[in-house]
Novice: 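Can you read through this structure? Questions will come right after.
Just so it is clear, the model here is predicted, and its values are computed rather than measured. Heavy atoms only: backbone and side chains are in, while hydrogens, waters and symmetry mates are out.
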Amino acid sequence: MLTGPPPTTPAGAARRPVVASLVVLALVLVTALTVWGLSGRGATNPSTTVAAPAVTSGRTGAPGAAPGTPGDHDAALDAFYTQPLSWSACDGQSSDLCGTAEVPVDYARPTGDRFGLALRKVPASDPAKRLGTLFINPGGPGGSGLEYAQYAQFVFSDDIRAHYDIVGFDPRGIGESDPVGCLTDSDMDLLFADDPTPDTAAERAKLLADADAVTARCAASGGERALHMSTAEVARDLDVLRSLVGDARLNFFGVSYGTFLGATYADLFPATVGRFVLDSALSPNQTETQEMTYDIQGFESSIDAFIDWCVARSDCALGRDRAAARGELVDLLDRVERTGLKTAKPGLTTIGEGWASFAVFMCLYSDQSWPTLNEGLAQARTGQGDILLARAMSVVERSATGRYAPSTYLQAMIPVRCADWPRTPDTPALSAARATAQREHPLWARMTGLLYDTCRTWPAAGRTPKGATLATGAAPILVIGNLRDPATPIGGTKQLAADLDSGVLVTSDHDGHGTYLTGSSCVDGAVDAYLTAGTVPRDGLACR
């Protein structure tokens, strides 16, 4: 997610509005597909420091050496690890540098087809302090690392930008990195058009059939490349990029789904982990039951925070009674399901619960969006949906003419998710757990919709979680998260910190998605000290 500096700083007021419009890049698991549904470790000493990132000028290692040793790679990949990487001025911003690197579509067949990865570098502002490169990823999956780097001045402190070249890249098959683009505009509209909370057998059958058809069309259209967009393969790409910039160890800052990428890299290449910050996290080991539990906890805490803010206002769309506010929102969504909302958008003159619920959820990502949510709900009570639709369309980059931007993260959701997560059998126990959760949390149920496997027609199996300690032997990895985060709930963040062999947890008593530079000087200081001086904070540090 792109976030600005804390509002308590003088620059905060100027920076936050600019970056707030880009908050959608870290959407993670709460996306259009959500509308369809879906170990002990040693304590870290507070005074521990991580050595300065190892920077070397060499780009090759011992051919055939085992992966995970700094500078080593398999001999069959030598052409990729030793390719020249040239930088030139990016269009429209001469201070930033852009480049392209090639990686194999299939690492098992390195002589076959290739992806061209687009990169953007923001050079360290103080070359005398430069420690190396900090690779960044904004999540999604499908968020643009190029855009993330372009706004580095809003995303990272001056101190971090002085010490590192900030490098963002669009992952394979996404954005400017040979985009696969397996979905049509009509496919993406269909993600939101169906009733996400079917009440009849016919509605349920249509929802499942449409989802299966869209997934099958994506696989057919995307072909072989769509089957090689997993986060594990992106992690291997990262190791190639690490070598090309001349760093013996990878330094990484990942947000939201970018934490999944960071954890995956650390598990594959623990010996080359440098300084890692994983912000608003989820664990590759999460089960569906755990994910559901975390989602409920995150949603409940976030909606409670919004309601507390709203009912204190004289114009709250949900009234002034806190106890009744949840019911008011459930009733409103029920009315939207029955009659829809009218809009002035051509081609979407009426929208249903799919668009409306998605917009509500997106507005919970940041307290900066709460006024918009209140206005949208008030308008929805009159039968109009322009405010909510505008919010949802901006998130998914849909124009008024019905065209989706090629860079929209929706294009990546099916290929990446279907590769990254296991197929979970719909057992009686799981079905019962889902039914209980939806009964006990009716508002969450309305927002989430029907829970089922959206990858049933994907032609390849999903990843099998390791289910054990991750990144054994890696350097300390900083994992941070807000206590009230609707997208990557704190339960998942805490699990990742525990699952990582060297995970160090720092929490922030704040609302919203994204922790660094969003209001806690305690968090900001810990991250800056870790990345610039290698100072590892106390494990379990609780910031306000």
Novice: Run the side chain to side chain contact (heavy atoms under 4.5 Å, CB included) test on D485 and I490 for me, step by step, so that the C-alpha distance in whole Å, both residues' side-chain angles and the decisive distance to 0.1 Å come before the verdict.
Specialist: CA-CA 7 Å; D485 182 337; I490 193 63; over 6 Å; no
Novice: When rounded to the nearest 0.5 angstrom, what distance separates CG in L389 from OG1 in T343?
Specialist: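 Answer for the CG-OG1 pair, L389 versus T343, is 5.5 Å.
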Novice: What is the distance from atom CG of L227 to atom CD of E233, rounded to the nearest 0.5 Å?
Specialist: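 Separation between the atoms: 9.5 Å.
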Novice: Report the residue from D304, D511, D367 that forms a side-chain hydrogen bond (donor to acceptor under 3.5 Å, both in side chains) with R484.
Specialist: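 By the side-chain hydrogen bond (donor to acceptor under 3.5 Å, both in side chains) criterion, R484 pairs with just one of D304, D511, D367: D511.
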Novice: Going by the side chain to side chain contact (heavy atoms under 4.5 Å, CB included) test, name the single residue among V479, I480, T518, V527 that passes it with D279.
Specialist: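 Going through V479, I480, T518, V527 one by one, the side chain to side chain contact (heavy atoms under 4.5 Å, CB included) with D279 is satisfied by I480 alone.
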Novice: Nearest 0.5 Å please: distance from the CG atom of N374 over to the OG atom of S369.
Specialist: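 Reported to 0.5 Å precision, the distance equals 12.5 Å.
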Novice: Which of these, F135, Y516, Y148, sits in a ring pair (Phe, Tyr, Trp, His ring centres under 6.0 Å) with F253?
Specialist: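 For F253, the ring pair (Phe, Tyr, Trp, His ring centres under 6.0 Å) check succeeds only for Y516.
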Novice: For R313, which residues count as a salt bridge (Lys or Arg N to Asp or Glu O under 4.0 Å) partner, sequence neighbours excluded?
Specialist: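 Residues passing salt bridge (Lys or Arg N to Asp or Glu O under 4.0 Å) with R313: D315.
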Novice: What I want to find out is whether D185 reaches R403 closely enough, with some N-O distance under 4.0 Å, to be called a salt bridge.
Specialist: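 Judged by the 4.0 Å cut-off on N to carboxylate O distance, D185 and R403 do form a salt bridge.
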Novice: Is there a side-chain contact between R326 and L318 (heavy atoms, below 4.5 Å)?
Specialist: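 Heavy-atom side-chain distance check fails, nothing below 4.5 Å.
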Novice: Between T264 and F260 (side chain of the first, backbone of the second, donor and acceptor by atom type, cut-off under 3.5 Å), is there such a pair?
Specialist: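 The answer is yes, because a donor-acceptor pair under 3.5 Å joins these two groups.
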Novice: Tell me, please, which residues at least two apart from R320 pass salt bridge (Lys or Arg N to Asp or Glu O under 4.0 Å).
Specialist: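 Applying salt bridge (Lys or Arg N to Asp or Glu O under 4.0 Å) to R320 gives none.
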Novice: Are the charged groups of E375 and R391 less than 4.0 angstrom apart, N to O?
Specialist: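 Judged by the 4.0 Å cut-off on N to carboxylate O distance, E375 and R391 do not form a salt bridge.
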Novice: Contact between C418 and R423 at the side-chain level, heavy atoms closer than 4.5 Å - yes or no?
Specialist: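 Yes; the side chains approach each other to less than 4.5 Å.
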Novice: Less than 4.0 Å between a side-chain N and a carboxylate O, is that true for K345 and D386?
Specialist: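 The answer is no: the pair does not qualify as a salt bridge.
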Novice: Tell me yes or no: between the side chains of T469 and D501, is some donor less than 3.5 Å from an acceptor?
Specialist: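 Looking only at side-chain atoms, D501 and T469 do not form any donor-acceptor pair under 3.5 Å.
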Novice: Check this for me, if you would: do D189 and R398 make a salt bridge, where the nitrogen-to-carboxylate-oxygen distance has to be below 4.0 angstrom?
Specialist: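 A salt bridge links D189 with R398.
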Novice: Please work out whether the ring planes of W309 and W370 are parallel, tilted or perpendicular, with thresholds of 30° and 60°.
Specialist: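 Correct class here is tilted.
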Novice: Taking all atoms of both residues into account, what is the closest heavy-atom pair of Y257 and T231, and its distance?
Specialist: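 Scanning both residues completely, I find the closest heavy atoms to be CE2-OG1, 3.6 Å.
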Novice: May I ask you to say whether R335 pairs ionically with D331, meaning some side-chain N is under 4.0 Å from a carboxylate O?
Specialist: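 No salt bridge links R335 with D331.
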Novice: Any salt bridge between R204 and D199, counting N to O under 4.0 Å?
Specialist: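 D199 and R204: not salt-bridged.
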Novice: Where the side chain of S520 meets the backbone of R544, is there a donor-acceptor pair that is under 3.5 Å apart?
Specialist: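 Checked: pair present.
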Novice: To the nearest 0.5 Å, how far apart are CZ in F276 and OH in Y265?
Specialist: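 OH of Y265 is found 6.0 Å from CZ of F276.
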Novice: Taking T408's backbone N and O only, do any of them form a donor-acceptor pair with E397's side chain (distance below 3.5 Å, no angle check)?
Specialist: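 Such a contact is found between E397 side chain and T408 backbone.
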Novice: Determine, stepwise, if the pair R338 / D334 fulfils salt bridge (charged side-chain N to carboxylate O under 4.0 Å, His left out).
Specialist: CA-CA 6 Å; R338 292 193 302 270; D334 284 343; 5.1 Å; no
Novice: Show every disulfide bond (SG atoms under 2.5 Å apart) that has at least one partner inside residues 281-331, sequence neighbours left out.
Specialist: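 Only C310-C316 qualify under disulfide bond (SG atoms under 2.5 Å apart).
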Novice: Can you tell me how the ring of F361 sits relative to the ring of F299, calling it parallel under 30°, perpendicular over 60° and tilted otherwise?
Specialist: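 Aromatic pair F361/F299 classed tilted.
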